[in-house]
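The next block holds one structure in the form of structure tokens; read it before the comments.
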Amino acid sequence: MKHVKIMSMPDCDKLIYSGGIIARQIGALMVVDDEQPINTMSYPIVAGGQKLADGWLAPGEECMQTPVVCRLGQKISPRTFAKYVKMGMHEEVPSSAYELYGQLRESGADLQLPVWAQNKETIREYSIELEISDLSEDAFCYSSDTADFYFEAYFKAGDHDELYGELMSQLMDYMNILDKEELGAKIIFHTLNFDYQDVIDKLNATPIDTGYCDMYEPRK
């Protein structure tokens with residue numbers, strides 16, 4: 001016979017990623033098999049933010065398969081955050097970078113730009129290499145797993161305007177995230193697919209008016 005138990009974890013400081021959300025784990029739902037206790041399964045229960053007392057069952061995997069993003073109050077690098085943006089884009093109901101960042105902030109964490117090892121100055125310029133493949137009617141574009149910011153787009157092969165629109169929308173999400181004094185940065189695109197170099201040039205030349213990001217003047 002199976003029965004359910006709720007294990008409360010009010011003092012847990014883990015922020016987890018599960019099913020397209022980032023949230024603080026406040027408990028676990030245990031599905032216990034009385035006849036085979038070794039088959040007990042547990043699923044994370046997450047909070048609705050720092051100030052809310054409600055909680056819900058996270059929509060992803062069991063606790064042991066749920067990645068820990070960081071601890072409460074920690075700041076993570078853009079490259080770490082990019083890993084969860086990629087995961088969020090691949091969910092059944094996709095999550096955007098802007099949505100995930102809002103959840104990160106609401107859960108008591110934030111981003112922090114890395115620094116150069118030699119002089120400890122903040123790194124504020126990021127080069128994003130885009131791989132573009134249009135060998136079939138349904139083409140795709142994505143940045144590498146080593147990029148500090150993750151981009152991914154699907155478009156009709158040869159439709160440069162659609163690709164530009166998809167990437168520009170994601171770029172604006174990042175600009176809205178980074179438009180703070182401590183996070184202000186510049187993102188520059190590159191590609192080895194010269195058939196789409198015009199899209200890259202347009203992305204790098206589109207002036208974006210921000211308070212702290214160096215994205216208004218044309219970029220090379």
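- F155 and Y196 have perpendicular rings, their planes meeting at more than 60° on a 0 to 90° scale where under 30° would count as parallel.
- Looking at every heavy atom in both residues, L104 comes nearest to L111 through CD2-CD2, 4.1 Å.
- Checked by atom type, the side-chain pair Y164/E166 shows no donor-acceptor distance below 3.5 Å.
- The neighbour count for E181 CD, taken as heavy atoms of other residues, nucleotides or ligands under 6.0 Å away, does not exceed 12.
- When every heavy atom of I16 is checked against every heavy atom of V69, the shortest pair comes out as C-CG2, 3.7 Å.
- Proximity of a side-chain donor or acceptor of N193 to a complementary backbone N or O of I132 within less than 3.5 Å is detected.
- Side-chain atoms of D179 come within 3.5 Å of backbone N or O of Y212 as a donor-acceptor pair.
- Counting heavy atoms from C-beta on, the side chains of K156 and D134 never come closer than 4.5 Å.
- Closest of all the heavy-atom pairs between R71 and K14 is NH1-CG, 2.8 Å.
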Task: Stepwise side-chain contact (heavy atoms from CB on, under 4.5 Å) check, L167 with L163 - done: CA-CA 6 Å; L167 294 174; L163 176 58; 3.7 Å; yes
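- A distance-only check finds no donor-acceptor pair linking the side chain of R79 to the backbone of F149 [under 3.5 Å].
- The backbone N or O of C12 sits less than 3.5 Å from a side-chain atom of R24, completing a donor-acceptor pair.
- Side-chain contact between E131 and C141 is absent, with no heavy atoms from C-beta onward closer than 4.5 Å.
- A distance of 13.5 Å separates CD1 in I21 from OH in Y84, rounded to the nearest 0.5 Å.
- Side-chain rings of F151 and F189 approach one another, their centers coming within less than 6.0 Å.
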TODO: For the pair Y17 and M87, evaluate side-chain contact (heavy atoms from CB on, under 4.5 Å) and give the outcome as yes or no after the intermediate values.
DONE: CA-CA 9 Å; Y17 173 90; M87 293 169 66; 3.5 Å; yes
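- You'll find the side chain of E129 reaches within 4.5 Å of the side chain of L192, heavy atoms only.
- The backbone N or O of Q103 sits less than 3.5 Å from a side-chain atom of S107, completing a donor-acceptor pair.
- Between the side chain of S169 and the backbone N or O of G165, no donor-acceptor pair lies under 3.5 Å.
- Contact annotation: the side chain of R124 never approaches that of D214 to less than 4.5 Å [non-hydrogen atoms, C-beta and beyond].
- Contact of the Y98 side chain with the I177 side chain is registered, since non-hydrogen atoms from C-beta on lie closer than 4.5 Å.
- The shortest non-hydrogen separation linking D173 to A97 is OD2-N, 4.4 Å.
- No side-chain heavy atom of E125 sits less than 4.5 Å from a side-chain heavy atom of I123.
- Put simply, the side chain of T191 reaches to within 4.5 Å of the side chain of Q197, judged on heavy atoms.
- Side-chain atoms of S96 and Y101 include no donor-acceptor pair closer than 3.5 Å.
- The two residues Q25 and C63 make their nearest non-hydrogen contact at NE2-SG, 3.7 Å.
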Task: Intermediate values then yes/no, salt bridge (charged side-chain N to carboxylate O under 4.0 Å, His left out), D145 and K86 - done: CA-CA 9 Å; D145 287 338; K86 180 179 180 179; 2.7 Å; yes
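- Here the closest heavy-atom approach between residue V46 and residue A23 is recorded as CB-CB, 3.7 Å.
- Y216 places no side-chain N or O within 3.5 Å of a backbone atom of C213 that could act as its donor or acceptor partner.
- Counting heavy atoms from C-beta outward, M168 and I208 have side chains that approach closer than 4.5 Å.
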